[in-house]
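Have a look at the structure below before the remarks.
Throughout, numbering of the chain's residues begins at 1 and tracks the sequence. Keep in mind the model is a prediction, meaning the values are calculated, not measured. Values below: all heavy atoms of this structure, side chains included; hydrogens, waters and symmetry mates excluded. Numbering of ligands and ligand atoms starts at 1, following listing order.
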Amino acid sequence: MSKILIRGAKVLGGEAQDVLIDGETIAEVGTGLSAEGATVIEAEGQVLLPGLVDLHTHLREPGREDSETVLTGTRAAASGGYTAVFAMANTFPVADTAGVVEQVWRLGKESGYCDVQPIGAVTVGLEGKQLSELGAMHDSAARVTVFSDDGKCVDDAVIMRRALEYVKAFGGVVAQHAQEPRLTEGAQMNEGVVSAELGLGGWPAVAEESIIARDVLLAEHVGSRVHICHLSTAGSVEIVRWAKSRGIDVTAEVTPHHLLLTDELVRSYNAVYKVNPPLRTERDVTALREALADGTIDIVATDHAPHPHEDKDCEWAAAAMGMVGLETALSVVQQTMVETGLLDWAGVAERMSFAPARIGGLDHHGRPVSAGEPANLTLVDTSYRGVVDPAHFASRSRNTPYEGRELPGRVTHTFLRGRATVVDGILA
Ligand SMILES: [Zn+2]
């Protein structure tokens, strides 16, 4: 078996150490390890993290291979330092049966760049009316434990209650896209000062917050586990904080773009900033950063949402919602959380690897960087500064809000079970 010695990396941002990979496993972590028979990677000054895990990725296959495929999406993931992604269910056909989730799972296995764990739809066709075959998806080869109608909200309280009851039996979790649909009819951006000035339909914070409040209470009532996707408002943070203080089994995520960007950008009418939930205000951004730092928000999830050029390069009202995110997530987190002093690298490892793996029930990802563990690792040159150029993306889509923006940090190496999927910043 091949041996790789990563020399002098700051493990989770701590002291410089050597990490010896033997085959698929971390063989040894220490100082002054022998390089005999090993390929050496000089990593002095770089930060070594457990391979990142994304609980919220849209891979678009089957059905929208013009925007992304499992192969291109997992290549993008590896480029961004990820070793596992959870694939959202809003494909065509919808991943609401054992057959479709197994198809996605098989495509992930064939890709070789990143493990793919399919998410199953909560309701048939994402229509919110009838529960999908949750048990059959869990019992399938894909072993689905996370269920979500993401893109749409499970807005019927009775359906949500039944879903929470159903997944409780096998320790699953429902990931809710919290958006009260009647309150957001015709909405184009965050409801506030900017939407009033621009005359665009507003998306009120209460549309998100009212569903979160309802769902944490339902989770408490049922004694089940709920995960809230992409929190975007200060009020949502307060509700999750209250629920956790009450002992309710709730976890929550925030996207990188909601940690950095605000609705002021919509003034440009550049549809690259159109996203669901919408970009909010500076006050919301501050609350989200603080909540991620203090653990109220458990994880960063990308909501990587690739769209072809023609679906974004059009007038605001007609444009699709969503942004790609896998290849810039870690850089945005470095800028907004690490360089602001809100998180150290161990904190980043918790929120981008350990916790998402735990929430999603992955056994072989989100593991400590220590001997005997699977060699799923990400090496980051945190001193790097570069301007984002989507022409270099591995994703099939280019709809990034960061084009031309300088962001810190660069993933130099990613290892999936000891195999380098990225070498010197280039896909292997
Ligand atoms: Zn969503």
Side-chain angles (χ1 to χ4, degrees), residues 54-60 63-64 67-68 73 85-92 94-96 117-123 125-128 132 146-156 159-160 163 173-185 187-190 203-212 214-215 226-233 236-237 239-240 250-259 261 272-280 284 288 297-307 311-312 319-326 329 356 359-360 397 399 401:
D54 190 22
L55 197 64
H56 192 146
T57 305
H58 296 276
L59 292 177
R60 303 295 192 215
R64 282 309 299 268
S67 51
E68 197 78 286
V85 298
F86 285 73
M88 273 298 174
N90 61 338
T91 48
F92 302 93
V94 171
D96 58 3
Q117 177 57 50
I119 291 174
V122 176
T123 67
L126 307 177
E127 285 177 355
S132 309
V146 182
F147 297 89
S148 183
D149 276 2
D150 184 65
K152 287 187 176 176
C153 181
V154 181
D155 64 316
D156 184 314
I159 297 279
M160 188 62 182
V173 64
V174 178
Q176 175 69 295
H177 170 117
Q179 180 188 357
E180 210 294 314
R182 291 275 288 138
L183 286 170
T184 53
E185 277 173 14
Q188 294 287 328
M189 65 171 295
N190 176 51
W203 191 307
V206 68
E208 175 172 314
E209 293 156 8
S210 57
I211 294 291
I212 297 176
R214 182 201 74 180
D215 285 354
V226 69
H227 176 77
I228 312 295
C229 297
H230 41 53
L231 253 67
S232 71
T233 76
S236 296
V237 166
I239 295 163
V240 170
V250 56
T251 52
E253 72 191 33
V254 64
T255 69
H257 46 274
H258 288 110
L259 291 172
L261 309 176
V272 79
Y273 301 118
K274 187 174 177 183
V275 65
N276 176 355
L279 301 177
R280 304 285 190 180
D284 296 304
L288 292 166
I297 295 176
D298 301 80
I299 65 169
V300 175
T302 67
D303 195 6
H304 176 81
H307 290 292
D311 290 0
K312 284 300 247 182
M321 288 183 280
M323 306 166 166
V324 291
L326 287 167
I359 293 166
S397 291
N399 52 304

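Between the side chains of R280 and S232, at least one donor N or O lies within less than 3.5 Å of an accepting N or O. For T251 and H227, the side-chain atoms include at least one donor-acceptor pair closer than 3.5 Å. For the 3.5 Å distance criterion, the side chains of H257 and D303 fail to qualify, holding no donor opposite an acceptor.
For H58, the ring pair (Phe, Tyr, Trp, His ring centres under 6.0 Å) partners two or more places apart in sequence, or in a different chain, are H56. In this structure, R214 has no side-chain hydrogen bond (donor to acceptor under 3.5 Å, both in side chains) partners at least two apart in sequence or on a different chain. Partners of H258 under the side-chain hydrogen bond (donor to acceptor under 3.5 Å, both in side chains) rule, at least two apart in sequence or in another chain, are T255.
For the Zn ion (ligand 1), the count of nearby protein N/O/S atoms, taking only those under 2.8 Å, is 3.
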